[in-house]
There are 2 protein chains.
Amino acid sequence: MKLSTKGRYAVTAMMDIALHEKVGPVTLADISQCQGISLSYLEQLFSKLRRNGLVKGVRGPGGGYRLAKPASEISVADIIDSVDERLDLTKCGGKGNCNNGEKCLTHQLWHDLTCDLHRFLSGIKLDQYVNRPQISELVKKQDAQYGRFLNRRTAA
Amino acid sequence: MKLSTKGRYAVTAMMDIALHEKVGPVTLADISQCQGISLSYLEQLFSKLRRNGLVKGVRGPGGGYRLAKPASEISVADIIDSVDERLDLTKCGGKGNCNNGEKCLTHQLWHDLTCDLHRFLSGIKLDQYVNRPQISELVKKQDAQYGRFLNRRTAA
DNA sequence: TAATTCCTGAGTAATTTAGTCAGGAATCTA
DNA sequence: TAGATTCCTGACTAAATTACTCAGGAATTA
C-alpha cells in the first residue's frame, strides 16, 4: 500500500504555491528546481489540477500558477483525487461485483476503509500546514538557497 | 492512491480461512477457486504470511492453512504489512531526507497520515468481519456453490 | 506407493509510473 | 513589434512494479 509519487508530488507542489501566495504566481520551473520534480512531469500534473479548478495559470513573464481558491478550501483529498484518478481501495471500483458478480468477502471492509481515508484527507486543508512555523522556516531557507523571488515586488 | 491487489488478495484469503476455522485447514486450491485468485500467486503470498507468523501450513491430504493465532489477534495491518512490504506514504521511507537531505515540504503530512492509517488498520481484527451475519451468509452460499468441505468431518 | 498439499525460486507478461520531447499559445517587457 | 517567458498539450519512452506462470521438491496421509 503505497501512495504514488503522483499524489505526493502534486500535494508538495500545491503546498509550495500556497506558501508563496502573498508573493505572487509560482513558476513550475521554480517548483521543479526546489522540490526536485521533473518540469515536464509537473506540467502533466498541473494540467489536471487546472482542469479540476484547483489552480489558475498565468502566462507570460512574471507568470506562474496560483491557487484558484483560498488555501483553507483546498483539501489534500481534492488534490489527490485530481491527479490520481481515484481514491478507492475496492477491487470493483465500488460496483460490488468484485467476485463473480457478487461482492467479495472483503468488499465491505475496503469500502469502509476508503470512506474513512477520504474523510480523513478531506479534513486536511492546505492552510493547516502553511501556517506551521516549522514549515515556514523550511520554505524560507529553501527560497534563500535557490534565490527565489529576488527581483520581484510583493504583490497582493 | 490504490491498494495493490497483493494486500487485498491476502486479506480476502485470510478472511476465508478465518471463516472456516471450525471446519479445518483450508487449501489454497479452494481459495483460488472460490475467491478467483491464481493459485501460484496465492502460494507466493502465503509464503510471506507464514514467515510472518500469521498462518500455519499443514501438508498432506486434508491439509491446508490455518490461522497461527486467534482471529481476534490478527489485524488487517498485520496482513498488509506481511505481504506488502510496507505501509508508508512518505517518499523517504520515514528517514526524513526526502528533498536533498532535508525533509520535503510534505514530510510531516505523510508521516501523520501513515500513522493514522496504520492505527486504523491495526484496529480492524479479522474476527470483527467474521462475525457479521452478512458475511457468514455470503460464505455459506459460496461453499454450497463450490461444494466445499462435503466429505470432511468437522474438526476441533 | 501414490495422492495430496504445502513450499520455493526463477522467470515472464502486463500494467503503471515517471519522465522525455517537441512544439504551440498567451502574455509581458522593451 | 520582437523576443523572452511561461503556460499548455499530446505523443512517446524507460523503468519499475504487479500479477502471474512454471517447474519441481518436501512432508504427510491413506
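Heavy-atom basis, side chains included; hydrogens, waters and symmetry copies ignored. To find a chain, count down the sequence lines: A is the first, B the second, and so on, and within it residues start at 1.
- In this structure, the side chain of S38(A) engages the main chain of Y41(A) through a donor-acceptor pair within 3.5 Å.
- Of the possible polar contacts, one joining the S32(A) side chain to the I37(A) backbone as a donor-acceptor pair under 3.5 Å is found.
- Between Y65(A) and F46(A), the angle of the ring planes lies from 30° to 60°, which puts this pair in the tilted group.
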**Request:** Heavy atoms under 4.0 Å is the rule here; annotate nucleotides 25-30 of chain D 5' to 3' with B where the base is hit, S where only the sugar-phosphate is, and - elsewhere.
**Result:** -BBBB-

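- Judged purely by atom type and a 3.5 angstrom limit, D78(B) uses its side chain to pair as donor or acceptor with the backbone of S75(B).
- Rounded to whole angstrom, the span from the CG atom of L49(A) across to the C1' atom of dT9(D) amounts to 15 Å.
- Protein atom NZ of K6(B) is 14 Å distant from nucleotide atom C1' of dT15(C), rounded to whole Å.
- Taking all atoms of both residues into account, the shortest heavy-atom contact from I79(B) to L49(B) is CG2-CD2, 4.1 Å.
- Computed from coordinates, the R8(B) CZ to dA19(D) P distance equals 8 Å when rounded to whole Å.
- Note on Y65(A): only backbone sugar-phosphate atoms sit closer than 4.0 angstrom, heavy atoms only; bases stay farther off.
- S47(B) places no side-chain N or O within 3.5 Å of a backbone atom of E43(B) that could act as its donor or acceptor partner.
- Regarding K48(A), its NZ atom lies at a distance of 12 Å from the P atom of dT9(D), rounded to whole Å.
- Near-neighbour residues of DNA chain D inside residues 36-44 of chain A, defined by a heavy atom below 4.0 Å, number-ordered: E43(A), Q44(A).
- Side-chain atoms of L54(A) and K69(A), non-hydrogen and from C-beta on, do get closer than 4.5 Å to each other.
- For R148(A) and dT6(D), the CZ to P distance is 13 Å, given to the nearest whole Å.
- Distance, R50(A) CZ to dC7(D) C1': 8 Å, rounded to whole Å.
- Here the NE2 atom belonging to H20(B) is positioned 12.0 Å from the CG atom belonging to L67(B), to the nearest 0.5 angstrom.
- Residue Y9(B) is classed as a sugar-phosphate contact, given heavy-atom separations below 4.0 Å to backbone atoms only.
- Look at CG on D30(A): it is 13 Å from P on dT5(D), rounded to the nearest Å.
- Rounding to whole angstrom units, CG of residue L45(A) and C1' of dT17(C) are separated by 11 Å.
- Figure legend: cation-pi geometry between R148(B) and Y146(B) absent, as NZ or CZ is not positioned both under 6.0 Å from the six-membered ring centre and within 45° of its axis.
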